[in-house]
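Following: one structure in structure tokens, then a few remarks.
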Amino acid sequence: MVTGTGVRVSLFDGVLGVLTHCPHWPNGNGSVSAYEPYVREIDVWSRLFKRVEVVAPRGEGSAGGNLAPYELPTVRWRPVDYTMSVSRTGQLRRASQLPLLLYAMLRLIQDTDLVLLRSPSHFSLFGRPLARILGKPTLTKWAGLFDEFDGERLPSRIERAFVLRGPAPALIYGPSTRAHLIPFFPALMSEAELSRARCLARDREWKPPWRILSVGRLAKVKGFDLALRGLRRLRDVAPEIDWTYTLVGDGAFKSDLRALVQELDLTDRVEFPGALRFADAQERYGSAHVVIMPGTMEGWPKIIAEAWAHGAVPVAARAGIVPWIMNGCDTGAVFPPDPDGLAD
């Protein structure tokens, strides 16, 4: 926090170490940028500790559009090379990069007072036993769905088993029946962003064409192919409804989604503006009538809260903790996660 004299005072007189697989990119002015939702959370921690040290991989390729720099200079990045590629070549590269990653983790754990493990990831999977061996306290932030799901990778299953055994505290999304598993939610929007959202909502006109929106990383697990198939089904059963669909985001699945749009003959209805900073995405939220979240493996579905904040109607797949969040809410709907369910 900042005192009346303008002097910054941290709540805890200690150094927080962060282990995360979230790639970072140098900005050329001494600062670095990373995935904006992740940065928002670390910015909260940076206001609690006098310094935050982060071990994270160097970004590969060009920086995306939904990156942001850390708010405070007290967050310091310790770069490592660790590829995120899932190809066979990527697996071999990771094996060769692992020794230096372990060394960087060891140094971070030794230099800090508390280690924040961003899970699930290889960084937290390897960092957890290292911290235990060195006797350093840890706090886990499980940044995803904590339940098991089809197609979940083995490292994630192993890591969840360690977290469930405790006793180190872990922040998870959704309800909990264990004392060391603490229900938590992500850093969402600032007061200024909430105020802007209310202003944007006042300008919306509730008339056709109905503007439908989705926001997220364009990965297969996000279920945007389901959204497209559901909208194709909607066009078939209700051709009189005039709508457009905007899919904000970028990722490896983008070309597949574009091909699917062609296959479904929806090119006149679907727009891909790419990845956007949240300030720009707010404009899209502010004009949207309906916001679709089709994923079935979301951790804490932020898109629902962001839709509410902007006065739009969230429509989300009935999976994970979505029914728990939407229970008792009269604005929004859940649907069976299939094209017919969404169309209905």
Side-chain angles (χ1 to χ4, degrees), residues 35-37 61-68 189 193 196-197 199-295 298 301-317 332-333 335 337-339 341-344:
Y35 183 52
E36 187 172 16
S62 59
N66 57 340
L67 303 179
M189 298 172 65
E193 288 165 341
R196 184 175 181 227
C199 291
L200 290 168
R202 285 196 291 267
D203 294 333
R204 179 189 291 108
E205 294 186 355
W206 289 93
K207 63 181 183 180
W210 304 111
R211 291 181 293 274
I212 305 171
L213 174 71
S214 288
V215 179
R217 181 168 48 90
L218 302 190
K220 189 171 181 59
V221 296
K222 293 294 187 178
F224 294 125
D225 53 334
L226 185 157
L228 290 169
R229 295 184 189 280
L231 290 171
R232 173 69 254 188
R233 180 63 179 151
L234 174 64
R235 191 171 189 177
D236 291 339
V237 300
E240 74 281 2
I241 298 179
D242 188 10
W243 55 265
T244 61
Y245 181 48
T246 300
L247 182 46
V248 173
D250 204 353
F253 202 45
K254 185 173 184 176
S255 59
D256 298 81
L257 293 172
R258 284 187 176 277
L260 183 59
V261 168
Q262 294 275 354
E263 176 188 329
L264 298 174
D265 192 23
L266 292 176
T267 53
D268 60 327
R269 300 286 187 108
V270 179
E271 175 193 14
F272 289 88
L276 300 176
R277 289 284 305 274
F278 186 68
D280 299 317
Q282 280 200 270
E283 298 283 348
R284 305 286 181 155
Y285 276 115
S287 63
H289 299 103
V290 173
V291 178
I292 299 177
M293 198 210 73
E298 295 292 325
K302 292 183 287 186
I303 200 170
I304 294 176
E306 289 166 352
W308 277 332
H310 293 83
V313 180
V315 177
F335 65 90
D338 58 63
L342 176 56
D344 289 343

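These numbers come from the heavy atoms of this one structure, side chains and all, not from hydrogens, waters or symmetry mates.
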Worked check of side-chain contact (heavy atoms from CB on, under 4.5 Å) between Thr246 and Arg284: CA-CA 8 Å; Thr246 300; Arg284 305 286 181 155; 3.8 Å; yes

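- The structure places CG of Leu226 at 9.5 Å from CG of Leu231, a figure rounded to the nearest 0.5 Å.
- Phe224 places a side-chain heavy atom less than 4.5 Å from the side chain of Leu218.
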What verdict does the side-chain contact (heavy atoms from CB on, under 4.5 Å) test give for Tyr285 and Val215, after you've listed the backbone C-alpha separation in whole Å, the side-chain angles of each residue and the deciding distance to 0.1 Å? CA-CA 9 Å; Tyr285 276 115; Val215 179; 3.8 Å; yes

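- A distance-only check finds a donor-acceptor pair linking the side chain of Arg204 to the backbone of Gly311 [under 3.5 Å].
- The side-chain hydrogen bond (donor to acceptor under 3.5 Å, both in side chains) pairs that include a residue from residues 207-233 are Glu205-Lys207, Ser214-Tyr245, Lys222-Glu298, Arg232-Asp236, Arg233-Asp340, where partners are two or more places apart or lie in different chains.
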How far apart are the C-alpha atoms of Val291 and Trp308, what are their side-chain angles, what is the distance that settles it, and do they pass the side-chain contact (heavy atoms from CB on, under 4.5 Å) test? CA-CA 9 Å; Val291 178; Trp308 277 332; over 6 Å; no

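- The minimum heavy-atom distance between Ala317 and Gly295, with the atom names listed, is CB-O, 3.7 Å.
- Put simply, the residue from Arg277, His310, Glu193 that forms a side chain to side chain donor-acceptor pair (under 3.5 Å) with Gln282 is His310.
- Residues Phe272 and Leu257 have side chains in contact (heavy-atom distance under 4.5 Å, counting atoms from C-beta outward).
- Ser255 and Ala252 make their closest contact through OG-O, 4.3 Å (heavy atoms, listed as atom of the first residue, atom of the second, distance).
- Within the 4.5 Å cutoff, no side-chain heavy atoms of Leu234 are placed close to those of Leu342.
- When all heavy atoms of Pro239 and Val237 are compared, the pair lying nearest together is CD-C, 3.5 Å.
- Residue Ile212 holds its CD1 atom at 12.0 Å from CG of Leu247, rounded to the nearest 0.5 Å.
- Rounding to the nearest 0.5 Å gives a distance of 9.0 Å between CD1 of Ile292 and CD1 of Ile303.
- Side-chain atoms of Met189 and Lys302, non-hydrogen and from C-beta on, never get closer than 4.5 Å to each other.
- For the residue pair Ala343 and Gly230, the shortest heavy atom distance occurs at CB-O, 3.6 Å.
- Closest approach of Asn66 to Tyr35, counting heavy atoms only: ND2-CE1, 3.0 Å.
- With Glu36 contributing its side chain and Phe278 its backbone, the two residues share a donor-acceptor pair below 3.5 Å.
- Here side-chain hydrogen bond (donor to acceptor under 3.5 Å, both in side chains) pairs that include residues 261-270, with residues two or more places apart or in two chains, are Arg235-Asp268.
- Nearest heavy atom pair, residue Val248 against residue Gly274, reads CG1-O, 3.5 Å.
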